Amino acid sequence: MPRQAAVQTIAPAGEASLCQALIRDMPAMVHSIDAGGVIVDVSQKWLEILGYSRSEVIGRKSVEFLTEESRAYAVENVLPEFFRSGRCVDVPYQVVAKDGRILDVLLSATCVRGADGQVLRSIAMMQDVTARKRAERRLDAAKAYAENLLHTANVLVVELDPQGRVCRLNRALEQLLDCAAADLAGADWFRTVSPPEQYAGIRDRLARMLRTGDGDRFESHLVTPAGGERQVVWRSSPAIEGERVVGTLCVGVDVTEQRRAEARLAVSEQALREAQSVAQIGSWVRDYCSGELHWSDEMFRILGFEPTQARPSMGAFLAAVHPDDRGEVEQAHRQALANHRPCDLRHRLLLPDGTLKYVHQRAEVCFAGGGRPERVVGVLQDVTMTVLQELALQQSEELFRTVADYTYDWEYWQGRQREMLYISPSCERVTGYSQIEFVRDPDLIRRIVHPDDRARFDAHLCEFECAHDLQIEFRIVTKRGEERWISHGCRPVVAKDGRRNGRRVNNRDITELKAAELRAHQLAYYDALTGLPNRRLLTDRLGQAIPLAVRQQRPLALMFIDLDRFKQVNDVHGHDVGDALLVEVGRRFADCLRTSDTVARTGGDEFIVLLPEIADPEHAAAVAGKLLAALRSPVTCGDASFAVSASIGVALLAAGSRDDSSGLMKKADSAMYAAKQAGRGCYRIDGG
């Protein structure tokens, strides 16, 4: 039933005194204003909540206690209509306490008129809904974050109806299937993505799960539209709305390439709804002398009674209290009377039509001289929506933690001040530090970044303040002192009003990937036996050195080196000895050169030396002589000792030459054969 606020006529003086006493003793925020909007009376609870004394309030206009925005709204809209109609119901205001606190309230008021119909004063009751407003904002933030997490999580999420048809997919699943969610809407999910031989079994599991209400975990193949197959561990659970099963939510982890740890997938239902912000208050007064009990119209509505058909009584009230809570309510009233303390509790109502409500009851006993109870004044607030919102908020937090707790990557969520709001258990597996260490010390995340990468990480944090999704790779130093490579991706968490509520971060350990890349680079550009550059790397460096030499008008030298009679070593002593000989020769050659020079093994017993910056051709001859001299000492391999010599061909790129890499190599090769024909153990120069 809607609230009713009737226009009243002026009461006799005795009743006015009773009304004044009632207003002052009411355990609710009540005040009375005259026709000019000036406060003429106010309840003690009003003063206690806002922190004013009675002398600081009486005589001031009621709008003076509103925020500027609420004051303008009251003067321009509410008060003119109120004095015209004589009532207003649940007007949202913000009032300012003496200590500066701003409270959200709902104001309902009624006019008291004289015999001539003129407004004499009004009585208004304010309901403090600050806590509920705060809960709504927390619920909105949690819902926004949970929805963002579900959509952007690195797990696969699909929501199905009871028949197994697709309702929605998240972004990760869309990317895996290379199609949009709209393309699969309404399709039989398991028939679409499951191999034919697995379809019947999975459908049976779905039916059993919906029948029993128990979650299910299974592993199956997922067939993509392109025909590929992915191995996915699924966790499914019925999606419940109220007490009704409305579908299934399946969360999966693609374990095709990564199976080092068992992934437990969290199943959640992301159907958080906008909570209706309705919290209403009914008042009642019980006179111990007369035995009379008075209920406000709102009290009747909360209890589900018609004012014209029911008479207020404690019996009728207790009959509306849920049977399981009735004893607690009666005991609270007895204790309030015995201990001279307010009765304050939350309990349930079970109305005749089966409706269940949650209410917050507060009552205070007023005592006369000698400690005799005179009357009790109470309020009953319908907090059903507040309780449901608290439950929904708890469900949302559990949903978020269930999804994040079982992801393999290290996830965390930081607030606006970079405080740690959540961090997944995987942090300890990756870093060695526990969740509680990160929560207690938010700067720990920055400190474990490798010192050489910390400046880049700080720059990334600054860039994030002006950007959206960002990705960066850096190293961390774990608690055990190990270096690990991290792929760090973050995105802002944005509230409905567009303000940032922090950032959500996904950290993936890519240490093994980096090691594999390094190994691949070594295999691609370096000789596996000697560790020297191979022909590919030499060709790349030569291609860069020739244009530089031409621009700088400086000579460049390229040497082809072939070990003399190396085949005999392999034939007589075997390839193991031959390999050891090549390693030692490569080491001696490298010791003769500068860091800017390159010595490469290009195959067999062939080496190539690149001298990119030489002062004159004689420098190349001097280096060739050093290389030959390095081989004069015998080479010992195990029990065998060898005298080694080499034939060296030198090609020069003189200033103004137009030779390219291929031409220079041909000249060096030709010069090397000339050295062999000259008797080996020497060098020859092709000056070009």
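Everything numeric here is computed off the predicted structure, so don't read it as measured data.
No donor-acceptor pair closer than 3.5 Å links the side chain of Arg503 to the backbone N or O of Tyr412. Judged by distance alone, the side chain of Arg601 and the main-chain N or O of Asp527 form no donor-acceptor pair under 3.5 Å. In this structure, the side chain of Asp453 does not engage the main chain of Arg456 through any donor-acceptor pair within 3.5 Å. Side-chain atoms of Ser426 do not come within 3.5 Å of backbone N or O of Trp410 as any donor-acceptor pair. Judged by distance alone, with hydrogens and angles left aside, the side-chain atoms of Asp616 form a donor-acceptor pair with the main-chain N or O of His619 at under 3.5 Å. Looking only at distances, a side-chain donor or acceptor of Arg454 sits under 3.5 Å from a matching main-chain atom of Val449. Within the 3.5 Å criterion, the main-chain N or O of Ile423 finds a donor-acceptor partner in the side chain of Gln435. Not a single donor-acceptor pair under 3.5 Å links the side chain of Gln552 to the backbone N or O of Ala549.
In summary, the side chains of Asp509 and Thr511 do present a donor paired with an acceptor at a separation below 3.5 Å, with no hydrogens or angles considered. Donor-acceptor pairing under 3.5 Å is lacking for the side chains of Glu613 and Ser596.
Taking the six-membered ring for Trp and the full ring otherwise, the centers of His488 and Phe457 sit less than 6.0 Å from each other. Aromatic rings of Phe589 and Phe607 (six-membered ring for Trp) have centroids within the 6.0 Å cut-off, being under it.
If you take OG1 on Thr431 and CD1 on Ile445, they are separated by 9.0 Å, rounding to the nearest 0.5 Å. The line from CZ of Arg541 to OG of Ser661 is 14.0 Å long, rounded to the nearest 0.5 Å. Asn507 CG to Cys427 SG: the interatomic distance, rounded to the nearest 0.5 Å, is 10.0 Å. Atom OG1 of Thr530 sits about 12.0 Å away from atom CD of Glu584, to the nearest 0.5 Å. Between Asp579 atom CG and Leu529 atom CG the span is 4.5 Å, to the nearest 0.5 Å. Here the CG-SG distance, from Leu160 to Cys250, works out to 5.0 Å after rounding to the nearest 0.5 Å.
Sequence neighbours left out, the pairs with a member in residues 668-681 that pass side chain to side chain donor-acceptor pair (under 3.5 Å) are Asp562-Lys676, Asp564-Lys676.
In summary, Arg594 and Asp597 engage in a salt bridge, as defined by a charged side-chain N under 4.0 Å from a carboxylate O. Ionic pairing of Asp540 and Arg536 is not present here: no N-O contact between side-chain nitrogen and carboxylate oxygen is shorter than 4.0 angstrom. With respect to Lys567 and Asp605, no salt bridge is recorded, no charged nitrogen being found less than 4.0 Å from a carboxylate O. The pair Glu473-Lys514 counts as a salt bridge, with a side-chain nitrogen and a carboxylate oxygen less than 4.0 angstrom apart. Using a cutoff of 4.0 Å between basic side-chain nitrogens and carboxylate oxygens, Asp458 and Arg446 are scored as salt-bridged.
The shortest non-hydrogen separation linking Cys637 to Leu581 is SG-N, 3.7 Å. Minimum interatomic distance between Val569 and Gly578 (heavy atoms only, all atoms of both residues): CG1-CA, 4.2 Å. For the residue pair Ala620 and Ala557, the shortest heavy atom distance occurs at CB-CB, 3.7 Å. Of all heavy-atom pairs spanning Arg588 and Ala630, the tightest one is NH1-O, 3.1 Å. Here the shortest heavy-atom pairing between Lys667 and Ala651 reads CB-CB, 3.8 Å. In this structure, Leu558 and Ala668 approach most closely via the heavy-atom pair O-CB, 3.7 Å.
You'll find the side chain of Phe566 reaches within 4.5 Å of the side chain of Leu582, heavy atoms only. Inter-residue side-chain proximity for Leu156 and Val251 is flagged as unmet; no heavy-atom pair is nearer than 4.5 Å. Contact of the Leu652 side chain with the Pro555 side chain is not registered, since no non-hydrogen atoms from C-beta on lie closer than 4.5 Å. Contact annotation: the side chain of Leu470 approaches that of His460 to within less than 4.5 Å [non-hydrogen atoms, C-beta and beyond]. Here the side chains of Phe642 and Pro634 are not in contact, with every heavy-atom distance at 4.5 Å or above. Counting heavy atoms from C-beta outward, Val609 and Leu627 have side chains that approach closer than 4.5 Å. The shortest side-chain heavy-atom distance between Ile448 and Thr478 does not fall under the 4.5 Å cut-off. With a 4.5 Å cut-off on side-chain heavy atoms, Leu593 and Leu611 count as touching.
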The test is side chain to side chain contact (heavy atoms under 4.5 Å, CB included); show your working for Leu664 and Leu542 and say whether it passes. CA-CA 10 Å; Leu664 203 60; Leu542 181 59; 4.2 Å; yes
Criterion side chain to side chain contact (heavy atoms under 4.5 Å, CB included) on Val583 and Arg587, from CA distance to verdict: CA-CA 6 Å; Val583 171; Arg587 185 192 64 78; 5.7 Å; no
Take Leu556 and Ile614 through the test side chain to side chain contact (heavy atoms under 4.5 Å, CB included) and record every step on the way to the result. CA-CA 6 Å; Leu556 174 150; Ile614 57 177; 5.8 Å; no
Please step through side chain to side chain donor-acceptor pair (under 3.5 Å) for the pair Glu159 and Thr248, ending with a clear verdict. CA-CA 6 Å; Glu159 184 180 338; Thr248 305; over 6 Å; no
Under the side chain to side chain contact (heavy atoms under 4.5 Å, CB included) rule, what do Thr539 and Met665 come out as? Steps first, then yes or no, please. CA-CA 10 Å; Thr539 302; Met665 284 187 173; 4.2 Å; yes
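Figure legend: Arg475 and Trp485 shown as a cation-pi pair, the cationic atom lying under 6.0 angstrom from the six-membered ring centre and within 45 degrees of its axis.
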